[in-house]
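Throughout, a chain's letter reflects where its sequence line sits, starting with A, and its residues are numbered from 1. Below, each value reflects all heavy atoms present in this structure, side chains not excepted, and no hydrogens, waters or symmetry copies. Bear in mind the structure is a predicted one, so any value in this text is a computation, not a measurement.
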There are 2 protein chains.
Amino acid sequence: MCVKLHLVQNSSVDEPALGLRERKKRARREALIDATHRLVAEHGLDAVTVEAICEEAGVSARTFFNYFETKDDAVLGHTPWPLDSAATEEFATGGPTGHLLADLQALVSSFLTDAPIGRQRVARALELAAKEPRLFARHLAWMEQHKGQLSALIERRLQMGTADDAALSSEIVGSTLLFLTHATFMRWDAAGGTGTADEHVSAVVADLRSILTD
Amino acid sequence: MCVKLHLVQNSSVDEPALGLRERKKRARREALIDATHRLVAEHGLDAVTVEAICEEAGVSARTFFNYFETKDDAVLGHTPWPLDSAATEEFATGGPTGHLLADLQALVSSFLTDAPIGRQRVARALELAAKEPRLFARHLAWMEQHKGQLSALIERRLQMGTADDAALSSEIVGSTLLFLTHATFMRWDAAGGTGTADEHVSAVVADLRSILTD
DNA sequence: TGCAAAGTTGCAGTGTGTGTAAAGTTGCAC
DNA sequence: GTGCAACTTTACACACACTGCAACTTTGCA
């Protein structure tokens, strides 16, 4: 199968123009995700083989695994999580507001908003994940993988916080951060992708608080 | 390899004496878990094949998969979650205290305490899971698998609760329940398995509350 | 003792994921 | 443009997880 890649010229100003190599890489990555979505939507996760996906995308099976660790990751569009953004740095150094909870919410919001995969593709991934529990699990696992980095981030933050905050373990704060991200993600999805990440994370926090303060 | 099973005579009064068949089944199950623990502790998860485990346990590879869905499940001792215990029933019908939070805590505690696998084995599983992120992931996946049942449980409970509780979605309560279970599980492990599940779940709730009420 | 139900086993097969080395592309300096 | 270094893709071989199936063995029970 002969497939042409759509190479989009990056016209943003702050990002230096990407070379052909990098653009091809991204295009191929998205082509693989899209091919996976198409096939899985039609036949279901287990009935689709990596080989079939590769044929659809016009790429060798070996290449597939250069892009994704597992088949499931291709559906989810998972890639190593860029935990070195401006938002994470600001959080670690005590910002943006100085209140732990508010800043956690801001961080969750930035995670969901600046996802390294387009909004539409996220939506399609969610749709499929709802039908295939295994995908959901994989998503959780993927988040869990980054918990070490997250904990380190939080460790930095807690050391410059108030005495109150410092009494918390970075472990539990990290878990909470993951939980908030996850729950917000789901709530956003349940709302059909409408609204902003900010709104949803606030709603989740409110619910949680109401459960915990009986 | 010729391996003899240790068949423990069940002497409890309320449980009718188990037949030979059932006792053998349990013994084999535990033998498989133990063999897996031994080998994985020594060589690491990825270096241990199912075949090796079966040789150690004196069982055919095919039999292994009659007991566990995946290799990872054998480490974790996972088995279909018995969500029809007395504790779950009590929770669904508004008990034991009538306060949602307190009853959630009791439920978490019962999950961890009445695990269908012995305390020691749980401890060993936790030890191994700490070193192998994939196991953790699988554990999360396993919990996620039961979320549907959990949601149904919570749905029943919420319908007989106060107006306050009824405003919550069973979704978020279910997620919270899973989160509490998970976080407590980890905290218990971090404490080296000392203390009771009750104590740890309370501590987790306290921490969470302090994060959320800035 | 004998029969039905439950459990175990070997075997063949599918599919995921990895290591490796050769072949093809791109970036860049001259 | 030419040429070389760095990076990517690809084919191939392989290990291993896991499944379906059809004997075969063991247990429960009359």
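- Between the C1' atom of dG17(C) and the OH atom of Y67(A) lies a distance of 18 Å, rounded to the nearest Å.
- You'll find a donor-acceptor pair under 3.5 Å spanning the side chain of R62(B) and the base of dG20(D), going by distance alone.
- Checking dG17(C), dT27(D), dT9(D) against the side-chain heavy atoms of T70(A) singles out dG17(C) as nearest.
- A straight line from CG of L45(B) to P of dC16(D) spans 13 Å, rounded to a whole angstrom.
- Picking from dT10(D), dT26(C), dT27(D) the nucleotide with the shortest atom distance to the side chain of V59(A) gives dT10(D).
- In this structure, W188(A) contributes its side chain and T194(A) its backbone to a donor-acceptor pair below 3.5 Å.
- In this structure, the NZ atom of K24(A) is 20 Å from the P atom of dA6(D), given to the nearest Å.
- Using cut-offs of 30° and 60° on the angle between ring planes, the pair F136(A) and H139(A) is perpendicular.
- The separation between I53(A) atom CD1 and dG15(C) atom C1' is 12 Å, rounded to whole Å.
- Along DNA chain C, the nucleotide closest to A61(A) and the one closest to F64(B) are compared, and the more 5′ of them pairs with F64(B).
- Contact between H200(A) and G195(A) at its shortest, heavy atoms only, is NE2-CA, 4.4 Å.
- Looking at the side chain of T63(B), the nearest of the listed nucleotides dT9(C), dT27(D), dT9(D) is dT9(C).
- Atoms CZ (R29(B)) and C1' (dG7(C)) sit 16 Å apart, rounded to a whole Å.
- Along DNA chain D, the nucleotide closest to F68(B) and the one closest to R21(B) are compared, and the more 5′ of them pairs with F68(B).
- Closest to the side chain of F65(B), from the set dT9(D), dC18(D), dT16(C), is dC18(D).
- Of the candidates dA11(D), dT9(C), dG15(C), the closest approach to any side-chain atom of T49(A) belongs to dG15(C).
- If you check the side chains of S60(A) and T63(A), you find a donor sitting under 3.5 Å from an acceptor.
- Between H146(B) and F111(B), the distance separating the two ring centers is not shorter than 6.0 angstrom.
- E22(B) has its CD atom 12 Å from the P atom of dC29(D), to the nearest Å.
- Nucleotide dG7(C) holds its C1' atom 8 Å from the NZ atom of K25(B), rounded to whole Å.
- If you measure from atom NZ of K71(B) to atom P of dC16(D), you get 9 Å, rounded to the nearest angstrom.
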